[in-house]
Amino acid sequence: MVKPLLRIHRYFCRKPVRFFSLILLYLTAGSLVFLHSGIMWDSPSSSRGEARGDSVVAAEMASRTAVLHVRGLGLMSRVFNKDNRKVGGRRFGPPWKKNRQTEVEGKDYTSNWNRALKGRNSKDMEDGRAKYIGCYVDDTQRRALRGVSFFDYKKMTLFRCQDNCAERGYMFAGLEFGAECYCGHKIQAANTSESECNMQCKGEKNNLCGGANRLSIYRLELSQESARRYGSAIFKGCFHRPDNVSMALPFSAVIQNMSVDKCVDMCTEREKTLAVLAGDRCLCGFPLHDMEEEDLCLYRCQGEEFESCGNDEYFVVYQTQVQDNRCMDRHFLPTRSKQLFALSSFPGAGNTWARHLIELATGFYTGSYYFDGSLYNKGFKGERDHWRSGRTICIKTHESGRKEIEAFDAGILMIRNPYKALMAEFNRKYGGHIGFASQAHWKGKEWPEFVKNYAPWWASHTLDWLQYGRRVHVVHFEELKRDLFDQLKGMVQFLGLEVSEERLLCVEGQKDGNFKRSGLRKLEYDPYTVEMRAHIDELIRTVDAALKKKHMSGVPEEYRPR
């Protein structure tokens with residue numbers, strides 16, 4: 001017995017042999033684990049066998065095995081499939097019959113998109129977030145949701161599915177078999193018993209993600225900022241017919257059996273930014289800004305039952321893939337300016353976004369009191385100029401204090417709700433311009449310390465500019481978002497430039513720029529304590545009183561302490 005053990009010992013003492021033997025054992029073990037996990041993914045449970053016949057189970061197992069084979073070993077099981085228009089790929093416009101609660105396409109699902117809370121049971125109705133609709137039958141030959149699909153056999157969660165569908169502008173997200181996510185604009189199947197959606201999500205065991213050929217479907221309520229995407233076009237909304245329709249929409253044609261596809265294709269060929277449906281007419285042109293309620297555009301297309309085509313008075317507008325270049329040219333001032341204009345704000349109040357808007361609206365670069373290489377690389381070419389060079393239209397600054405403020409002849413003062421501004425700056429500080437702070441930062445000592453130091457600065461910055469600024473034009477971030485055209489027009493006029501409505505309309509189509517932080521990733525709890533809120537509310541009252549003392553409107557209603 002001793003001799004065989006001694007031989008084995010000597011064998012492994014030889015370094016090259018020992019090394020390659022261990023590698024071989026490691027690879028063999030890994031292959032067995034992977035094979036076992038693949039079998040577990042595809043093995044039907046007793047409930048799965050009861051839900052459908054053995055032949056269907058075998059077919060699905062074969063198809064899933066093929067998918068895994070294509071993805072390859074070690075790759076993440078994540079696939080996006082483009083929407084096939086010819087196989088049930090109808091686009092879905094605004095719902096026609098909202099009062100028919102018994103029919104899927106007639107249900108009234110309105111208000112704004114928000115994602116579902118992680119960790120809640122899938123059957124719960126999410127207040128103000130993604131709403132659970134029910135359990136629906138799904139068919140591999142004729143899907144209930146016919147948009148893109150996405151699979152993750154290890155880490156699928158409710159939020160991941162909802163987030164991916166919402167990011168692409170779909171109205172519904174459905175989860176099946178614990179690991180499959182389907183998106184769509186319309187549910188094209190019947191609902192069924194809740195007990196049939198009985199499979200836990202692969203990535204969170206306390207939530208249900210459908211079942212065998214059964215979808216747990218959520219309604220994703222889209223905000224104005226989350227445009228609905230239909231193939232290559234993005235739904236922009238319902239707009240009132242403009243007074244200068246021939247100027248704004250120079251191309252038009254009557255199309256028989258009108259549909260969104262036909263109008264979008266025509267306008268894309270003519271290299272126009274917008275495709276506008278007005279009954280049986282398709283118009284092509286540039287951005288509009290008189291948005292109306294969607295209900296005013298509920299007029300059925302002749303060529304597609306579930307699409308809206310508007311009428312002669314109210315237009316249904318889609319954005320094509322053609323970029324509006326009328327406001328993209330930018331350069332330095334032709335002659336050095338004798339006046340220095342500041343674009344001042346507390347950090348996190350939208351200064352970079354305002355610079356982007358001003359550059360597009362005026363055609364001139366903005367400068368900076370600082371130098372940020374990442375901003376320069378993203379196209380803010382005035383970032384490298386000295387702030388006193390006079391070659392830029394205005395200068396970004398976060399400075400306060402009499403000496404710093406009196407260095408400028410005039411200034412646009414950007415103010416944002418402190419609760420939102422503090423969180424935005426905290427995200428920037430720990431995650432970059434479009435990144436996010438980690439949960440460890442939010443729940444650690446960094447956040448309380450940050451609020452303690454930065455909240456008073458939010459108030460003192462505004463108070464100093466109101467006291468020492470020679471000429472100050474106040475712009476509230478929230479009002480700029482709500483009424484971009486008129487607010488930006490006022491900013492351009494304050495800078496002493498003529499307003500180009502053509503450029504302003506172009507800006508509306510390019511308003512986000514490269515530094516918009518995604519609204520989809522939000523904290524699932526309120527980071528502000530009672531003590532923090534009491535302190536910030538007092539600062540809001542102070543700023544509100546200072547604005548009114550200068551005969552300006554106070555802070556917007558949403559700032560005010562409740």
Side-chain angles (χ1 to χ4, degrees), residues 82-100 103-110 142-148 168-172 183-189 219 222 224 226-242 245 248-270 272-288 290-322:
K82 294 293 182 182
D83 186 9
N84 189 333
R85 296 181 184 174
K86 295 183 179 180
V87 184
R90 282 182 174 175
R91 294 188 177 122
F92 179 66
W96 296 110
K97 301 173 183 177
K98 295 185 177 181
N99 59 337
R100 292 175 58 189
E103 296 185 21
V104 172
E105 58 269 33
K107 290 186 179 179
D108 181 12
Y109 307 126
T110 54
R142 189 172 176 81
R143 291 290 181 187
L145 297 175
R146 299 175 187 172
V148 299
R168 287 158 179 77
Y170 286 98
M171 292 182 179
F172 298 99
C183 311
H185 295 301
K186 179 191 173 190
I187 305 172
Q188 303 188 68
R219 163 73 186 199
L222 303 166
Q224 292 179 359
S226 294
R228 284 174 277 180
R229 184 177 293 278
Y230 296 87
S232 63
I234 297 174
F235 176 72
K236 301 301 290 183
C238 177
F239 289 77
H240 189 270
R241 176 190 176 95
V245 64
L249 306 167
F251 296 98
S252 66
V254 175
I255 298 179
Q256 291 184 345
N257 296 322
M258 172 68 82
S259 69
V260 175
D261 273 340
K262 292 177 181 178
C263 188
V264 168
D265 288 345
M266 186 187 94
C267 295
T268 301
E269 288 176 6
R270 292 185 176 274
K272 296 301 176 187
T273 304
L274 293 187
V276 178
L277 294 91
D280 62 350
R281 292 177 64 227
C282 174
L283 301 95
C284 309
F286 302 104
L288 308 173
D290 291 328
M291 186 178 286
E292 300 283 356
E293 293 294 328
E294 231 176 273
D295 289 348
L296 297 173
C297 284
L298 297 184
Y299 295 91
R300 225 179 258 189
C301 293
Q302 293 178 357
E304 284 289 347
E305 181 183 0
F306 297 104
E307 293 179 355
S308 173
C309 279
N311 61 15
D312 289 339
E313 195 66 22
Y314 296 101
F315 296 168
V316 176
V317 178
Y318 290 83
Q319 182 176 318
T320 69
Q321 290 183 315
V322 179

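Keep in mind that the numbers below use all heavy atoms, side chains included, and drop hydrogens, waters and symmetry copies. No experiment lies behind these values; they were computed from the predicted model shown.
- In this structure, CD1 in I234 is found 11.0 Å from CG in L274, a value given to the nearest 0.5 Å.
- Expressed to the nearest 0.5 Å, how far SG of C282 lies from CG of L277 amounts to 6.0 Å.
- V322 pairs by the side chain to side chain contact (heavy atoms under 4.5 Å, CB included) definition with T268, E271, T320, not counting sequence neighbours.
- The two atoms that bring F315 and C297 nearest to each other are O-SG, 3.5 Å, heavy atoms only.
- Taking every heavy atom of both residues into account, I255 and M266 meet most closely at CD1-SD, 4.2 Å.
- Looking only at side-chain heavy atoms (C-beta outward), Q256 and D280 stay at 4.5 Å or farther from each other.
- K236 is not listed as a side-chain neighbour of Y318, based on a closest heavy-atom distance of 4.5 Å or more.
- Atom CZ of R241 is separated from atom CG of N311 by 10.5 Å, given to the nearest 0.5 angstrom.
- Annotation: salt bridge (Lys or Arg N to Asp or Glu O under 4.0 Å) contacts of R281 (sequence neighbours excluded): none.
- Shown here for L283 and S252, the closest heavy-atom pair between the two residues is CG-CB, 3.8 Å.
- Contact check for K262 versus N257: side-chain heavy atoms found under the 4.5 Å cut-off.
- Rounding to the nearest 0.5 Å places CZ of F172 at 12.0 Å from SG of C183.
- With rounding to the nearest 0.5 angstrom, the CZ atom of F239 is 6.0 Å from the CG atom of L288.
- A144 approaches A189 most closely through the heavy-atom pair CB-CB, 3.5 Å.
- The structure places CG of D295 at 8.5 Å from SG of C238, a figure rounded to the nearest 0.5 Å.
- For the pair C301 and M258, the tightest heavy-atom approach, listed with the atom from each and the gap, is CB-O, 3.3 Å.
- Judged as a ring-ring contact (aromatic ring centres under 6.0 Å, His included), and not counting sequence neighbours, the contacts of Y314 are H240.
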